[in-house]
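Both counts, for ligands and for their atoms, begin at 1 and track the order of listing.
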Amino acid sequence: MSEINWDDLKLAAIAAMKNAYAPYSHFPVGAAALVNDGRVVSGCNVENASYGVGLCAECGLVSNLSMTGGGKLVAFYCVDGAENILMPCGRCRQLLFEHSAPGMLLQTVSGLKTIEEVLPDAFGPRDLLEGFGNEQRN
Ligand code: THU
C-alpha cells in the first residue's frame with residue numbers, strides 16, 4: 001500500500017476546487033483521494049441550472065477513479081473554497097464507501113477517521129450477495 005502524503009492530497013483537493021463550477025451556491029468544493037496503486041484522483045462540484053441535479057465533487061472523483069483504471073480509495077481529503085477541510089455529505093459518504101478499501105482514512109473536521117466511522121453500519125456491495133441479507137455481520 002502507498003504511503004499517504006496528506007500535504008499532496010490537500011494540494012490536489014485545492015487544485016480541483018479551483019475548477020469547480022458553482023455559480024448557484026458560490027460554494028466551490030474540491031476532493032482528492034489516494035488510490036491503492038498510488039494514483040491520486042480528484043473532482044470538483046459541477047452545479048446545474050436545475051439545482052437538484054448538481055454534482056458533488058465526490059461524484060467527479062469516483063468518475064475519475066473509474067476512468068483512470070479503477071482501484072480502491074485509501075485516503076481522502078475534501079476542501080471548501082477557503083481551503084478548509086469539508087465533510088463529505090451523506091450521499092457522498094455512500095459513493096466513497098462503494099470504492100473504498102477497508103479502513104479508508106479521511107481528514108475530517110474532528111480529526112482523522114475511517115470511512116466506517118463516518119458511515120456506520122453502511123449498506124454496501126456485500127449486502128447484495130445472495131443469502132447475506134438477514135445474517136448478522138462479523
Ligand atoms: N458539495 C460537494 O461537492 N460535496 C459535498 O460533500 C458537500 C456539498 C457541493 C454541492 C454544491 O455544489 C455545494 O457544495 C453547496 O452545497
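For atom 4 (N) of ligand 1, the closest non-hydrogen atom on the protein side is E58 OE1, 2.9 Å. Here the protein heavy atom with the shortest distance to atom 8 (C) of ligand 1 is C56 SG, 4.0 Å. Looking only at protein heavy atoms, the nearest one to atom 9 (C) of ligand 1 is N45 ND2, 3.6 Å. For atom 11 (C) of ligand 1, the nearest protein heavy atom (residue, atom name, distance) is E47 OE2, 3.3 Å. The protein non-hydrogen atom at the shortest distance from atom 3 (O) of ligand 1 is A57 N, 2.8 Å. The nearest protein atom to atom 7 (C) of ligand 1, hydrogens excluded, is given as C89 CB, 4.0 Å; this is a heavy-atom distance.
Y77 is not listed as a side-chain neighbour of I14, based on a closest heavy-atom distance of 4.5 Å or more.
A distance of 7.5 Å separates CZ in R39 from CG in N64, rounded to the nearest 0.5 Å.
Distance screen at 4.0 Å: atom 16 (O) of ligand 1 has no protein heavy-atom neighbour inside the cut-off.
Heavy-atom distances between G54 and ligand 1 stay at or above 4.0 Å for every pair.
Counting only distance, with no hydrogens or angles, the side chain of Q94 and the backbone of F123 share a donor-acceptor pair below 3.5 Å. The main-chain N or O of V53 is never found under 3.5 Å from a side-chain atom of N48 such that the two would form a donor-acceptor pair. A donor-acceptor distance shorter than 3.5 angstrom exists from the side chain of D80 to the backbone of E83, with no hydrogens or angles considered. For the pair D8 (side chain) and N5 (backbone), a donor-acceptor distance under 3.5 Å is absent.
For the side-chain contact (heavy atoms from CB on, under 4.5 Å) criterion with Q107, the lone passing option out of L86, I85, L9 is I85.
Atoms of ligand 1 found under 4.0 Å from any heavy atom of S25, numbered from 1 in the order shown, are 13 (C), 15 (C). Listed by number with element, the atoms of ligand 1 under 4.0 Å from a non-hydrogen atom of P88 are 6 (O).
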